[in-house]
Amino acid sequence: MVSARADVSTALSLCDMSKRFGTTQALDGASLDVRRGTLHALLGENGAGKTTLMRLAFGMDTPDTGTILVNGKTCAWRTSADALRAGIGMVHQHFLLVPAMSVAENIGLGRGGVFSGFDPTCTAAVVRDLVAATGLAIDPEARVGDLPVGAQQRLEILKALSHDAQVLILDEPTAVLSPQETQDLYAWLRRFVDSGRTVVLITHKVREALQIADDVTVLRRGRTVMQVAAHATGEAEVLTALLGETTTHGAPHARAPRRTTGKTVLAVNGVTVRDDRGTERLKCVTTHVCGGEILGVAGVEGAGQLELLRVMAGRRIPDTGSATRPARVGFVPEDRHRDAVIGEWTLIENFALKDAGRATGTMVWDDYRVRAELGVRAQDVRATSAHDRMDALSGGNQQKFVLARELEGAPEAFVVENPTRGLDVRATEQVLDALRAARDAGVAVVIYSSDLDELFSVSDRIVVCYDGTVHEVPFDRQAVGRAMVGLS
Amino acid sequence: MTDALAPFVEATVRTATPLAFAALGELVAERSGVINIGLEGTIIAGAFGGLVVAGTAGAGLGFVGAVAAGMLVAAIFAFFVVTLKADHIITGTAISMLGVGSTGTLYRLYYGTTGAALETPTLAPFPIPILHSIPWIGGAFFAQPPVMYLLYVIVPCLAWCMTRTSVGLALRAVGERPEAARAAGISPARVRWVALLFCGAMGGLSGGTLVLAQVGTFNEGISAGRGFIAIAIVVLGRWSAVGVTGAALLFGAASALQYLAQAMGWGIPYQFALALPYVLTLAALAGAGKRSAAPASLGVRG
Amino acid sequence: MTTRAATTSTLFSWKRLLPPLLVSAVVVGVIVVVIVAGHHDIIESFSAFGRGSFGSAYAFWSATLVRATPLTLLGLAVALAFRSGVMNIGAEGQFLAGASAATAVVLTGVGGGMVLVIALPAAVLAGALWAAIAGWLKREFGVLEVISSLMLNFVAQYLVSYLVRGPLQEPTHVYPQTETFGPAAQLPLLISGQRLHLGYAIAVLLALILWWMFRATAVGFRLRAVGAGAAAAASAGQVMVPRVLFTAFLLSGAIAGLAGGVEVTGVTYALYEGISPGFGYTAIAVALLARLNPLAIIGTGIFFGALEAGAAAMQRDAGVPFQFVAVVEALVVLGVIALDWTRERGATRR
Amino acid sequence: MLINAVVLLGTACGGANGGAKDVKPVSTGSAIKVALLTPGPITDQSWNGGAYTGLLRIKDSLGASVSHIQTKTPAEFEENFRQYGAQGYTIVIGHGFEFQDAAKRVGPEFPKTVYITTGGNSVGPNIAALSFAFEEPSYLAGMVAAAVSKTGTVGCIGGTELPPVKSSFAAFAAGALAVNPKIKVVTAFIGNWDDASAGKEQALAQIGRGADVIFQNADAAGLGVFQAAKEGKGVWVVGSNADQNNIAPAVTLGSVLIDVPHAFMVMAREVQGGKFQPRVVRLDTKSDVVRWVPNPATPNAIPAAMRARVDSVQRLMQSGVFVMPPAAAAATPSTGAAK
C-alpha cells in the first residue's frame with residue numbers, strides 16, 4: 001500500500017509499518033510522511049514506537065510489513081549502510097560511538113571499500129572541512145571517550161552528515177543537552193532544513209516541538225494518530241492525541257511558600273574531587289540543603305554537578321573537605337540501566353539491591369517482597385507482580401520503581417540526577433510529584449536536571465555549578481542561565 | 001660472551017616464530033571481540049594438515065595445507081561463537097579438545113598405530129644476502145626458513161591495516177562496540193567470521209612452521225600448549241601487532257634462556273626455568289599498570 | 001485464549017522435540033562415522049560406553065561418581081567465580097595448590113589420627129592463596145584475570161613437578177611422587193566395596209550450601225549483585241565492588257583448593273606430577289552447562305564423570321583410542337551448546 | 001631371587017620356539033586376556049610404541065585377547081587396573097614405574113589377575129615388576145659417545161626427570177668417563193614428552209655449548225633432537241627405548257634398546273604356563289632384553305678399537321660379571337632390593 005501523499009516532494013515516507021518483538025507489538029501499521037526541506041517532529045509516549053519506526057527507516061531492523069519510500073521510490077534496507085547510501089542519517093539517543101577511538105576514526109568507520117586505505121590525517125582534514133561547513137565544533141583528533149556529551153552528540157550529527165545525509169533523524173537529541181546547547185542545536189537544525197534538507201526529530205517535549213517543527217506526527221501504541229502542520233494545531237490537541245485523553249499537563253504549579261524545617265540536613269564543606277587523571281572536578285565547594293526544601297542544581301555538562309551530587313549521596317568520597325550526611329540518603333542516578341537496576345533481576349531482588357552493601361546473615365525475601373509491593377503501589381509502578389523481571393517494565397515504570405525504592409524507609413535526604421530523562425509526559429509528572437511529596441514530608445531534596453524548565457518547576461532554591469565551583473543564584477531564569485555560562 | 005649471544009638470539013627467534021604467528025592470529029580475533037581459547041586446536045590441526053599435504057606435495061604446498069586445516073578448525077569455532085552466539089571459553093575448550101583428538105585419530109587412520117618414523121620435507125633456511133652476515137643478529141633474523149620472513153610482511157601490514165584501513169577500523173570498532181559498528185553499516189558477525197578465519201590461518205601457519213620448518217616430523221602433542229602461550233602474548237603485547245611481536249620475542253628469549261641455563265649447567269631446577277616465561281608474563285602484566293588496552297567487548301557473547 | 005494456548009502447546013512439543021533430536025542425530029552420526037572409519041565395532045563401542053558409565057553399580061559408584069567428584073567441586077568453584085563476575089579460569093592451578101598443601105600437611109604427620117582435619121583446611125587455604133595472586137593482580141594492577149589465572153595454572157603445574165622431586169619426594173628419593181598416605185589421611189569410603197569416598201558427599205553438600213548461599217544469604221546476594229551489575233551494586237547498594245570481587249576470588253580458589261585436597265586424600269593417596277588431566281578446564285564446561293546453578297552442577301558433574309568413565313570403557317573394551325575419546329567429548333560439548341542455542345532461539349521466537 | 005628370575009627366564013626363552021600350542025594346555029584352558037596401560041600415545045615410536053608392539057605380539061603369538069588404554073593420571077591407573085581385574089584379565093601391564101602404587105593397591109582385590117609394572121620394585125602375590133637394566137647399554141653408549149666426541153662434551157636430553165631416565169643418564173656419564181676421564185656431560189630436561197620443537201632447541205643449545213654426541217630419552221619430543229643433529233655438522237645422536245636407528249640413519253650412532261615385546265612375551269608365557277612367580281624381574285643384557293644396537297648405516301663412525309672394547313664389555317655384561325661403577329649404580333632404582 002502506497003500512501004497517496006508519497007510523491008517526489010516527500011523525502012521520506014513510511015507506510016503501514018508493523019514490527020513485533022517477542023510478545024510486544026511495537027508497531028502496528030504506523031505511517032509517516034516527511035516533506036523535503038521541513039523539520040518534522042515525531043511525538044509519542046515512551047513505548048509508542050517512535051524509536052522503532054525510525055530504526056526501521058534507518059535499516060537497523062527489518063519491518064514485518066510496510067513500505068519505505070525515499071523520494072518516492074520504494075526501498076528495502078538490508079543494513080543501515082543501504083540507508084546511509086540513500087541519504088538517510090540517524091543520531092541515536094544512546095550514542096553509537098566507539099569510545100576508544102578518535103573522532104576522525106569514528107567518522108571514518110564503515111566508509112570506503114573493503115581494502116581501501118583509511119588515512120587518519122586525511123579524515124581529520126575532512127572533519128575540519130565538515131566542522132567549518134556545519135559550524136559544529138569538534139576536535140578531530142580527540143578520543144571520543146574523553147569528550148563531554150554535547151560534543152559526542154555533535155560528533156553523531158557530523159557522522160551522519162559526513163555521509164551527505166539528506167534526511168537526518170535525531171532521537172531525543174536534547175535529553176542530554178544544557179539549555180544553551182539545546183538552543184544552539186535547534187538553531188542549527190533550522191539552518192540545515194533551510195538549506196533544503198530534511199530533519200525528523202523524535203521528542204517528548206510537545207511545546208518545543210510545536211515551536212520549531214514544520215509538521216508534527218503523533219504515534220500512540222504503534223499507530224499514527226495525528227499528522228498535521230505545526231502551525232495548524234495546539235499543545236492541548238497534541239497532548240490529547242498523545243495520551244489518548246484530555247489532561248491538565250502544562251499548567252504551572254502553584255508555588256507554595258518555602259517552608260523548610262530550617263535544619264541543615266546535608267552539607268558539604270570545602271570539598272574537592274579529582275577524577276582519574278587528577279583534574280579537579282570540584283574545587284573547594286561548600287553548600288548545604290535544609291529539610292523540607294528542594295535544592296535545584298543547574299550546570300552545563302561536566303561543570304561538576306554530578307560529582308557534587310555523588311558526594312552528597314555518599315557515593316563518592318571527596319579527596320579533601322568533608323560532607324555531613326544523615327544516616328539515610330536516597331539516591332537516583334542518571335544512568336538507570338547501569339547504576340540503579342539490574343535488568344534480568346526481579347523487582348524484589350532489585351528492591352533488596354539497596355541493602356546489598358550492608359546486609360548480613362540471610363536475606364528475608366518475604367520481607368523484601370512486601371516492601372517491594374508497597375513501593376510499587378506507592379509510586380504507581382505498572383507491573384503485573386513484584387516477581388516480574390525489571391527489564392519487562394517500561395523506562396518510566398523502572399524509574400518510578402527506583403524512586404519507590406530510594407524513598408522507602410523515610411530517608412532524611414534524597415539526591416536525584418536527571419530523574420525524568422527519557423520519560424514521557426505522564427511519567428515525568430509522576431516523578432516530579434513524588435519529589436514534591438517527599439519535600440513536603442520534610443525530606444531534604446537535591447535535584448540536578450539538564451532541563452531548566454523542570455528545575456524551575458520543582459526547586460525551591462537553585463545553585464549553579466560552573467567549572468567545578470558552586471554559586472548561589474537568585475530564583476530567576478536569566479540569572480541562572482548567565483551563571484551556567486560563567487557570567488555573574 | 002659474543003659467541004654465546006648469536007645462538008641465543010637464534011634460539012629466541014626460532015622459538016618466537018610459531019608463537020608470533022599464532023599470537024598475531026589471536027590478536028586479530030581478540031580485536032574483533034572474540035577470545036579464542038581454541039587456538040591450541042587450530043595449531044595442531046595446522047601441524048597435521050601441513051604434514052599430510054607436504055607428504056605428497058612438498059613443504060611449500062604443505063604450508064597451504066596447514067593454513068587450510070587451521071581455517072577449517074577456526075570455521076567450526078566461528079560457527080558456534082559467531083553464528084550460534086555461544087560462550088567463547090566453553091567453545092574454545094571444546095575446540096582445543098577436538099583439534100588434539102581429531103588429529104590424533106586421523107594420524108592413526110593415515111599412518112597406522114605404530115607407523116614408521118615419519119620424516120616430512122622441510123623448508124631449508126634461505127639466508128638473505130648481506131643482511132645475514134650482520135654480527136650477532138644476522139643469523140637469527142636473516143638466515144631462516146622463508147616462512148619466517150612472512151612475519152616481516154605480516155607484522156607491518158597488520159599494524160598498518162589496523163590503524164590505517166577501513167577494514168582495521170571496522171575490526172576494532174566491532175571489538176570495542178559492536179552496536180556502533182552495526183550502525184555504521186558494518187556487520188559485526190561478518191567481521192568476526194573474517195577475523196576468526198584469519199586467526200585460523202595464522203594458527204595453521206604456526207603449526208605448519210613447527211612441522212615443516214623446524215622439527216621435520218609430527219607427533220600428537222606437538223603444539224604443546226603454544227595456543228595458551230599465544231593468548232598470554234597478546235595481552236603482554238597490549239593488543240598491537242608490534243607489541244605482540246615484541247612479546248613473542250620476549251617469550252622466545254625466556255625459553256632460550258631456559259635452554260641455555262640447562263646447557264650451561266647453571267643448576268637451577270628446570271621446573272623453575274620452564275615456569276619462567278609465565279612468571280615473566282605475570283610480572284609484565286602487573287607492570288603494565290591499570291589502564292588496560294583490552295577491547296571493550298572482548299569475550300562478550302553475541 | 002485457552003484454545004489458542006492449547007494448539008500452540010501441541011505444536012510446540014513437536015517444535016520443541018525436533019531441534020534436540022536433530023542435534024543429537026548429528027552428534028551421534030559424526031561419532032558413528034569416526035568409529036566406522038577407525039574400523040571399530042559400533043555396537044560394542046556404544047555398549048562399552050554404557051557399561052562403563054552407568055552399566056553397573058560399580059561403574060556408577062566407583063567410576064562415574066569418583067570422576068565426578070573433582071569435576072563437581074571445581075565446577076562449583078568456577079560457577080561461584082563466574083556468577084560474581086570473576087572470570088577465574090585458574091581452577092586447575094588452585095586445585096594443584098590445594099593438593100600440594102594437603103599433601104605437605106599429611107607428610108609432616110601432624111594431627112595424628114585427625115590429620116584430615118588439618119590437611120583439608122590447609123588445601124582450602126592454599127587454593128584461596130593461589131587465587132589471591134590473580135585477585136591481587138586484578139585489584140592492584142587491573143590485570144585481566146582470564147590471563148593471570150591461566151598463567152598461574154602453568155606455574156602451579158611446574159611447582160608440583162618440582163615439589164615431587166624436591167621437598168615432598170618419597171623417602172628413597174627415586175620416584176617423582178610422595179610417600180603413600182597412611183589410613184588416617186585417607187578419606188573414608190561411603191559404600192563398602194565401592195571407591196566412592198566422602199569427598200563426593202562434601203561436593204554435594206557444598207553444592208547445596210552454595211545454592212543456599214546465593215539464594216538466601218547476604219554474602220551470596222552481594223556476590224550475585226556484583227556479577228550481574230557491578231555499577232548498580234556500587235551505586236544503588238553501596239557495595240565495595242573491588243573487595244567483593246577479591247572475596248569471590250578467594251572463595252572460588254578455596255573450593256578449588258578443597259577439590260585438590262579431596263583428590264589426594266580420597267583417590268590417589270599421594271601427590272604425583274600430572275595428578276590432574278585438566279580437571280580445571282573441564283570444570284568450566286561443567287559449570288557453564290549447568291548455567292552456573294550449583295544444584296545443576298551436581299547433574300553436569302555426573303554427566304561429565306559418566307562421559308569420562310564411559311569413554312575409558314570404550315578404550316578398554318572396544319579398542320577405540322584415547323584421541324577419539326577427546327573427539328567424542330568435544331562433540332558432546334558442542335552438541336550441548338547447539339542444543340542450548342535451539343532452546344534459546346525457541347524462547348525468543350515465542 | 002635374582003638368580004631365580006634369570007633361571008626362569010631362561011626356561012621361558014627356551015620354550016619360545018615351541019610355539020603357543022605347547023604351552024596352552026598348561027593354562028586354565030581358555031585363551032588368556034592381556035591388558036596394557038600406557039602413560040602416553042602409542043605412536044611415539046619409543047617407550048609407548050614398543051609396549052604396544054609387545055601387546056600385539058602377545059595377541060598374535062599366544063592368541064590372547066588384548067586391550068589397551070592410554071591413561072593420564074594416577075586416579076585413572078587405579079581405576080583401570082580395577083576394571084581389568086573385574087573383567088577377569090589374566091595379565092594387566094602398567095607400562096612405567098608410575099603404575100606401581102596402583103598395582104599395590106588393586107592387586108590384593110583381584111588375586112586371579114597378574115599385575116606387572118614395567119619399572120618400579122613393588123611385588124605382591126600377583127604383582128611383579130619388570131626391571132630393565134637399561135643402565136648397561138646406556139653405559140656402553142656412553143663409552144661410544146666419549147670415543148666419538150671430538151669436543152670432549154656430550155649431552156643427555158630427557159623428557160621429564162623420571163628415575164629410569166636419570167639412572168640411564170648416570171650410566172651413560174659413567175661409561176663416557178670410563179673412556180675419557182675429562183669428558184663433560186651436560187644434561188637437560190624438556191619438561192614434557194611431546195614438544196619436539198623444544199627438544200630440538202635443547203639439542204641446539206647443547207650443540208652450541210660444544211656437545212657433539214647427544215643421548216636422547218624423550219619419546220616424541222626426542223624426535224626434535226634427531227632433527228637438530230641432522231641440521232648440525234658432525235653431531236651424533238644416540239636413540240633410546242626402541243630401535244631408533246632408522247629415524248635419522250645418517251646421524252645416529254646407535255640405540256639403547258629395550259626389547260619390550262620380548263620382555264612381554266616372556267612374562268605372558270610364564271603366566272600362561274602357570275609358572276608365575278612374584279618378583280622383580282631383572283631384564284638385562286644377559287637375558288638379551290636390553291642391548292646396545294649400533295647403527296648399521298654408520299659402521300665407521302665408531303673407531304674399530306672402541307667397537308672391540310664395547311663388545312668385550314658387553315660380553316662381560318652377558319656373562320653377568322660386569323660391575324657398574326658406584327656412581328651410576330647409586331642412581332639405579334632397580335638395584336634397591338625388592339621389598
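No hydrogens, no waters, no symmetry mates; every other heavy atom, side chains included, goes into these values. A note on names: the letters A, B, ... follow the listed sequences, proteins ahead of strands, and every chain is numbered from 1.
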Toward chain C, the part of [X] with a non-hydrogen atom under 4.5 Å:
X: B:Phe80; value: side chain
X: B:Leu106; value: neither
X: B:Phe79; value: neither

Can you name the closest pair of heavy atoms from [X] and [Y] and give their distance?
X: C:Ala37; Y: B:Leu109; value: O-CD2, 3.3 Å
X: B:Thr105; Y: C:Gln323; value: OG1-C, 3.6 Å
X: B:Gly101; Y: C:Ala326; value: CA-CB, 3.8 Å
X: C:Ile147; Y: B:Ala232; value: CG2-CA, 4.2 Å
X: C:Met151; Y: B:Tyr278; value: SD-CD2, 3.7 Å

Quick one: what part of [X] sits under 4.5 Å from any heavy atom of chain B, side chain, backbone, both or neither?
X: C:Ala338; result: both
X: C:Val146; result: side chain
X: C:Val34; result: side chain
X: C:Ile89; result: side chain
X: C:Leu334; result: both

Nearest 0.5 Å, please: how far is [atom2] in [Y] from [atom1] in [X]?
X: C:Met87; Y: B:Ile35; atom1: CE; atom2: CD1; result: 8.0 Å
X: C:Ile284; Y: B:Ile37; atom1: CD1; atom2: CD1; result: 6.5 Å
X: C:Leu288; Y: B:Thr93; atom1: CG; atom2: OG1; result: 8.5 Å

Look at C:Ile337, C:Leu152, C:Asn153 and state which one has the largest set of heavy-atom pairs under 4.5 Å with chain B.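 Max contact count across the listed options: C:Ile337.
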